[in-house]
Amino acid sequence: MSRTALYSIRIIEVDPEGQFVTASWNGNTPRKFREADVKKWLVNKPEPKGSSHGMPNY
């Protein structure tokens, strides 16, 4: 079974040269993410496709 998780991401620092961002997701310790990782992030919350056990499925 495949599930998509939805987390809030807090951007802490952006490299002026565009090589990385320092971010924290779901309250975890901040870490550096490269451009390939950041490209996968969505800006807007997706619409749920349904629900399972009372939790929305994205």
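Both backbone and side-chain heavy atoms feed into the values below; hydrogens, waters and symmetry mates do not.
- Connection of W41 to F20 is not established within any shared hydrophobic cluster, with ILVMFWY side chains joined at heavy-atom distances below 4.5 Å, either directly or through further cluster members.
- Here salt bridge (Lys or Arg N to Asp or Glu O under 4.0 Å) pairs that include residues 22-38, with residues two or more places apart or in two chains, are E35-K39.
- Pairs engaging residues 18-28 under the side chain to side chain donor-acceptor pair (under 3.5 Å) rule: E13-T22 [sequence neighbours left out].
- Under the 4.5 Å side-chain heavy-atom criterion for grouping Ile, Leu, Val, Met, Phe, Trp and Tyr, I9 is connected to F33 within one hydrophobic cluster.
- Linking ILVMFWY residues whenever their side-chain heavy atoms come closer than 4.5 Å, directly or via other members, leaves I12 and Y7 in distinct clusters.
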